[in-house]
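Step one of this worksheet: look at the structure below.
Side-chain atoms are counted along with the backbone in the values below, which use heavy atoms only and exclude waters and symmetry mates. Residue numbers start at 1 and run along the sequence shown.
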Amino acid sequence: MSRSVTHGRRASAGEKTVRYVLLLAVLALTVGPFLWQLSTSFKSTTEDVYTSPPRFLPAHPTTRNYTAVADIIPVWDYALNSLKVAVASVLTNLGGASAAGYALARLRFRGRRAAGLAFVAAVLVPLESIVVAQFTMMRDLEINNTLVAVVLPGAVGALNVLLMRNAFANLPYEIEEAAVIDGANVWQRFVRIALPSVRGTLAVVAVFSFMGAWDDFLWPLIVLSDPDRFTLTVGLNHLHGTFQQDPRLVAAGTVVAVAPLVVMFACLQRYFFRGVGEGAVKG
């Protein structure tokens, strides 16, 4: 009996060891490249970044690489353009996706099932297959080469609508039934009862929307032609050849592009993980 118990304890410890090893491996694969770029961005020009074995910590840390990138390209103007696009995308997705998700989950109307299937189909359509139609539409609306044209195609993401729909569908109907008895209309139930109950999913939508808009490269590259309106991803790539021989400057530009995403996720992580359980899994 004691042997089986001991053997069971040894197996449990072995499983934990395997789990921790796998977690550390995943952490190294996901976070490692960013930490290496961060380290490279602080290395001086007198320090070789291609040493063997690699040296992770810079010998003489410096911030001159960041000022050098700002001297070569208007990186802060590009970052401001990206911030405008990302904030607008977050606001439009929070408003549009939550309203559409609430309608699909709570309201009864003809064609509701077809509308839900249309959003599912929209998730499956790759951007490359509709980018020409999107560009033609922006041209017909005469808003090409504007930040509005960058925001408009992703103003309400189909995936975000489905996330909000699932979150609202998981709410107990009894809560809204009590509000109906008290005389609350649809808008009041949506704003005062439904939205406060799915704050976690709203955080998920906000993070996804911000990341998608901030990291988007293909669509801004197509629709923007004026360098003054370039977003950060387009601006860094457009002038990549200017400093491609110096990996320190490339790393500094990468850190500038990634830093807002890290800050936003750090601020919303508590709501983000709560929102994953609210509606991102159950359909």
Side-chain angles (χ1 to χ4, degrees), residues 13-45 47-70 73 75-76 78-79 82-83 85-87 89-90 93 157 159-160 163 200-218 220 231-237 240 243-278 280-281:
E15 290 178 358
K16 290 182 179 181
T17 302
V18 172
R19 291 175 184 175
Y20 284 122
V21 169
L22 291 176
L23 287 174
L24 290 175
V26 172
L27 182 65
L29 290 175
T30 55
V31 183
F34 172 73
L35 294 179
W36 177 257
Q37 288 289 81
L38 181 63
S39 173
T40 303
S41 68
F42 288 105
K43 292 182 178 179
S44 62
T45 55
E47 188 173 354
D48 186 10
V49 297
Y50 299 110
T51 58
S52 182
R55 180 180 298 172
F56 184 78
L57 296 177
H60 305 286
T62 179
T63 59
R64 294 186 59 184
N65 296 322
Y66 291 91
T67 57
V69 172
I73 61 174
V75 64
W76 304 119
Y78 294 158
S82 290
L83 183 62
V85 171
V87 170
S89 180
V90 170
N93 272 280
L159 178 61
N160 295 330
L163 289 175
T201 307
L202 289 174
V204 173
V205 171
V207 171
F208 283 173
S209 301
F210 191 93
M211 290 179 60
W214 185 272
D215 289 337
D216 192 13
F217 169 72
L218 178 60
T231 57
L232 186 58
T233 53
V234 177
L236 290 176
N237 183 79
H240 187 270
F243 50 82
Q244 63 179 350
Q245 300 301 325
D246 193 343
R248 304 167 188 81
L249 300 183
V250 176
T254 302
V255 172
V256 171
V258 174
L261 301 179
V262 176
V263 172
M264 182 180 184
F265 183 78
C267 295
L268 298 179
Q269 61 175 333
R270 181 179 62 178
Y271 300 102
F272 180 87
F273 290 112
R274 182 195 305 173
V276 171
E278 282 180 355
V281 178

Show the nearest heavy-atom pair for residues Val256 and Tyr66, with the distance to one decimal. CG2-CD2, 3.9 Å
For the CG atom of Asn65 and the OG1 atom of Thr45, what is their distance to the nearest 0.5 Å? 8.0 Å
Asn93 side chain to Val205 backbone, donor-acceptor under 3.5 Å: no
Pair up each side-chain donor or acceptor in residues 29-36 with any protein partner under 3.5 Å, not counting sequence neighbours, and list the distances.
| residue | atom | partner | partner atom | Å |
| --- | --- | --- | --- | --- |
| Thr30 | OG1 | Val26 | O | 2.8 |
| Thr30 | OG1 | Leu27 | O | 3.3 |

Any pair with a residue in residues 203-212 that passes side-chain hydrogen bond (donor to acceptor under 3.5 Å, both in side chains), sequence neighbours left out, goes on the list, sorted by first then second residue, please. Asn160-Ser209
Looking only at heavy atoms, what is the nearest atom pair of Ala252 and Val69, with distance? CB-CG2, 4.0 Å
By side-chain hydrogen bond (donor to acceptor under 3.5 Å, both in side chains), which residues pair with Thr62, not counting sequence neighbours? none
Tightest non-hydrogen contact, residues Glu47 and Arg55, listed as OE2-CD, 3.8 Å
Please report the shortest heavy-atom distance between Pro58 and Lys43, naming the atom on each side. CB-CG, 3.6 Å
With sequence neighbours excluded, tell me which residues meet side-chain hydrogen bond (donor to acceptor under 3.5 Å, both in side chains) with Ser82. none
Closest heavy-atom contact between Ala86 and Ala213? CA-CB, 3.7 Å
Trp214 and Pro260: which non-hydrogen atoms are nearest, and at how many Å? CZ2-CG, 3.4 Å
Can you name the side-chain contact (heavy atoms from CB on, under 4.5 Å) partners of Ala266, sequence neighbours left out? none
Those residues at least two apart in sequence (or on a different chain) that pass side-chain contact (heavy atoms from CB on, under 4.5 Å) with Ala251 are Gln37, Thr40, Ser41
Would the distance check show the side chain of Arg248 and the main-chain N or O of Arg64 forming a donor-acceptor pair, the cut-off being under 3.5 Å? no
Determine whether more than 12 heavy atoms belonging to other residues, nucleotides or ligands lie under 6.0 Å from atom CZ of Phe56. yes
Which residues pass the side-chain contact (heavy atoms from CB on, under 4.5 Å) test with Ala28, sequence neighbours left out? none
Pairing residues for Pro220 by the side-chain contact (heavy atoms from CB on, under 4.5 Å) criterion, not counting sequence neighbours: Val150, Asp216, Leu224, Thr231, Val234
When rounded to the nearest 0.5 angstrom, what is the spacing between CG in Leu232 and CG in Leu83? 10.5 Å
